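These notes concern the structure reproduced below.
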Protein chains: 2
Amino acid sequence: MPYTYQYPHPAVTVDGVVFGYDEADLKVLLIQREQAPYKSRWALPGGFVEIDEGLEDAARRELEEETGITRLYLEQLYTFGAPRRDPRERVISVAYYALVKLTDHAVHAASDARNVAWFPVADLPSLAFDHEEILDVALRRLKAKIRYEPVGFELLPEKFPLSELQRLYETIIEQPLDKRNFRKKILSMGLLADTDEIQQDVAHRAARLYRFDQAAYQRLKKAGFNFEL
Amino acid sequence: MPYTYQYPHPAVTVDGVVFGYDEADLKVLLIQREQAPYKSRWALPGGFVEIDEGLEDAARRELEEETGITRLYLEQLYTFGAPRRDPRERVISVAYYALVKLTDHAVHAASDARNVAWFPVADLPSLAFDHEEILDVALRRLKAKIRYEPVGFELLPEKFPLSELQRLYETIIEQPLDKRNFRKKILSMGLLADTDEIQQDVAHRAARLYRFDQAAYQRLKKAGFNFEL
DNA sequence: AGACGTTGGTGTCCTCAAAACACTAAGGCA
DNA sequence: TGCCTTAGTGTTTTGAGGACACCAACGTCT
């Protein structure tokens, strides 16, 4: 027990709410706990912050260790610190939320022996600790954020048809959008670049594929442009 | 040194960015440090989180202890945890921002012997630790938040003329607003109740005084209303 | 008493973006 | 060849935001 302090110190962890999307619904990555407390309950991936490690670094490291996911959009969400949220000791958790392209990470979600799985947000198991609350906050943040910043693209493959983008939006904000108005608006922003490709192997007319034009977005943002819906 | 752990634990603090407004500019409450490090530098009020105390509770307690301010709008801002942000040991700071009615707290800002003062955000001294960064994040948040949630009223006296509300908005978002359009819009929301009073002791035509109608706001919010600008 | 200075308070028109709305095109499949 | 499914396309209507200028009230100064 080599670490002593003059005053009691809480433990600090990071937890990650990792969102993914597959043509049907919005999903979250969960890990089944192997140890007490909450043994065999599902929980958000996360762990302790090393003493010499930045918070975001810790979040990335834990996500990589536990789920194998490496490149992702990551942003701090909120810090949860209710005194008894962990029965063992006082633990303060800095929560992050992340968006990944599910297509890249679909299968091998289980990286080490652990039980890792994607769950549709509409149909979740009961979670360990206060993780349901954390997830709830993350979901509200995502719903709000997607309307005024172009983060939805982080959830899609690099090339995607407009209809998929629209379905993504409809899924997340939970309301239908008019097809023509959606296309008109999103295209008029000039953030989408038309790859000269079309869908393959579909049983109907193939759609054009677009990609998000990061460079154009940066340019527009500097010029005072504000993404909206 | 009675507190020992198996692994190293960081210290956890809360810091508060307290905003006030007085008919000319937006101000922030700062404390002059009495001890090293950064002795005699100005800093955000804050302090250590007790081991059995919620984060928001800690923020309120510290603000009351150090500045005497008691009723305020308080909201978690962001958590800062760069490994060397405090030279003594690893310290993770959960920052909050607060809005107060400066009229209520103008004078006795110095509660105990400490040196406490309001500074215009446009003219700040150099600050201790990473507090300039924290303040910067807080300011950006306030600017964004005031446009889509009716928090501006927290900075004004209970009864205020419309012109003062408009000046507040112009100060915070740093651009002028058209008087007629502003009045039209804000009044049409139905969030302001006309007290039947007017300004006293002014050297010109006296303005009607309004107050923010919290009950009406709650009602509208439930009905799906969204405040904007 | 009268002129002046300062802030309060009011309405219209124009412009543009959001919302509603329905049909043809393409291509695989039975 | 007909059918099913999804892609792709414009116009009209409606409402909100933005530009814009004058009179009213009231204290102050001479």
Side-chain angles (χ1 to χ4, degrees), chain A residues 21-24 146-148 150 156-157 159-171 173-211 220 223-229, chain B residues 21-24 146-148 150 156-157 159-171 173-211 220 223-229:
Chain A
Y21 175 78
D22 79 358
E23 63 206 21
I146 204 174
R147 308 200 69 133
Y148 62 87
L156 293 179
K159 298 167 184 177
F160 52 85
L162 286 186
S163 57
E164 205 172 320
L165 183 63
Q166 185 180 344
R167 266 208 306 282
L168 168 67
Y169 269 85
E170 290 176 330
T171 304
I173 67 180
E174 293 177 298
Q175 52 177 320
L177 300 170
D178 179 83
K179 181 164 62 156
R180 280 176 291 189
N181 293 336
F182 180 83
R183 295 168 89 95
K184 200 192 319 170
K185 181 152 191 190
I186 201 89
L187 286 174
S188 73
M189 289 183 191
L191 296 178
L192 295 185
D194 188 346
T195 72
D196 287 315
E197 301 172 48
I198 57 170
Q199 285 180 311
Q200 303 296 329
D201 305 316
V202 285
H204 52 79
R205 173 173 177 183
R208 313 169 75 96
L209 298 177
Y210 292 84
R211 65 178 173 77
L220 285 167
F225 164 82
N226 270 321
F227 182 87
E228 201 186 327
L229 205 145
Chain B
Y21 175 78
D22 80 358
E23 63 206 21
I146 204 175
R147 307 199 70 131
Y148 62 87
L156 293 180
K159 298 168 184 176
F160 52 86
L162 287 186
S163 57
E164 205 171 322
L165 183 63
Q166 185 180 344
R167 266 207 307 281
L168 168 67
Y169 270 85
E170 291 176 328
T171 303
I173 66 181
E174 293 178 299
Q175 53 177 320
L177 300 171
D178 179 83
K179 182 164 63 158
R180 280 177 291 190
N181 293 337
F182 180 82
R183 296 167 88 95
K184 200 194 318 173
K185 181 150 192 192
I186 200 89
L187 286 174
S188 73
M189 289 182 190
L191 295 178
L192 294 186
D194 188 347
T195 73
D196 287 315
E197 302 172 49
I198 57 170
Q199 285 180 313
Q200 303 296 328
D201 304 317
V202 286
H204 54 79
R205 176 174 175 182
R208 311 170 77 97
L209 297 177
Y210 292 84
R211 65 179 173 74
L220 285 167
F225 164 83
N226 269 320
F227 181 87
E228 200 187 327
L229 206 146

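Keep in mind that what you see is a predicted model, and the values were worked out from it rather than measured. Chain letters run A, B, ... following the sequence lines, proteins first and then strands; every chain starts at 1.
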Interatomic distance, B:Arg180 CZ vs D:dA24 C1' [rounded to whole Å]: 15 Å

Contacting residues from residues 184-195 of chain B, given that a heavy atom lies under 4.0 angstrom of DNA chain C: B:Lys184

Rounded distance [0.5 Å steps], CG in B:Leu192 versus CZ in B:Phe160: 5.0 Å

Helical bend (five base pairs per end, nearest 10°) for the helix from C:dA1-D:dT30 to C:dC13-D:dG18: 10°

More than 12 heavy atoms from other groups under 6.0 Å of CD on B:Glu197: yes

Which residues share a salt bridge (Lys or Arg N to Asp or Glu O under 4.0 Å) with A:Asp194, sequence neighbours left out: A:Arg208

Short side-chain N/O contact from A:Ser163 to OP1 or OP2 of D:dT6, under 4.0 Å: no

Heavy-atom pair of closest approach, residues B:His204 and B:Gln199: CE1-OE1, 3.9 Å

d(CD, A:Glu164; C1', D:dG8) in whole Å: 17 Å

Length of the line joining B:Leu229:CG and D:dG17:P, which is rounded to integer Å: 9 Å

OH-CG distance between A:Tyr169 and A:Leu177, expressed to the nearest 0.5 angstrom: 9.5 Å

Rounded distance (nearest 0.5 Å) linking atom CG of A:Leu165 with atom CD of A:Glu170: 10.0 Å

Sugar-phosphate or base contact per nucleotide [nucleotides 25-30 of chain D; S, B, -; heavy atom under 4.0 Å]: BBS---

Step-by-step side-chain contact (heavy atoms from CB on, under 4.5 Å) determination, A:Tyr21 to A:Leu156: CA-CA 7 Å; A:Tyr21 175 78; A:Leu156 293 179; 3.9 Å; yes

For residues 183-191 of chain A, dump all side-chain donor-acceptor pairs below 3.5 Å to protein atoms at least two apart in sequence or in another chain.
from     : atom 1 : to       : atom 2 : distance (Å)
A:Lys184 : NZ     : A:Asn181 : OD1    : 3.4
A:Ser188 : OG     : A:Lys184 : O      : 3.3
A:Ser188 : OG     : A:Lys185 : O      : 2.8

5' to 3' contact window, DNA chain C with chain A (heavy-atom distance under 4.0 Å): C:dA18 to C:dG28

Nucleotide D:dT5, atom C1' - distance to CD of A:Gln199 in whole Å: 12 Å

Inter-residue atom distance A:Thr195.OG1 - A:Arg211.CZ, 0.5 Å rounding: 8.0 Å

Over all atoms of both residues, closest heavy-atom pair of A:Ile198 and A:Ala206: CD1-CB, 3.9 Å

Inter-residue atom distance B:Arg167.CZ - B:Thr171.OG1, 0.5 Å rounding: 7.5 Å

Touch class at under 4.0 angstrom, heavy-atom based, for B:Arg183 against every strand present: base

d(CG, A:Asp178; C1', D:dT13) in whole Å: 14 Å

Distance, rounded to the nearest Å, where A:Asp201 contributes CG and D:dT5 contributes C1': 16 Å

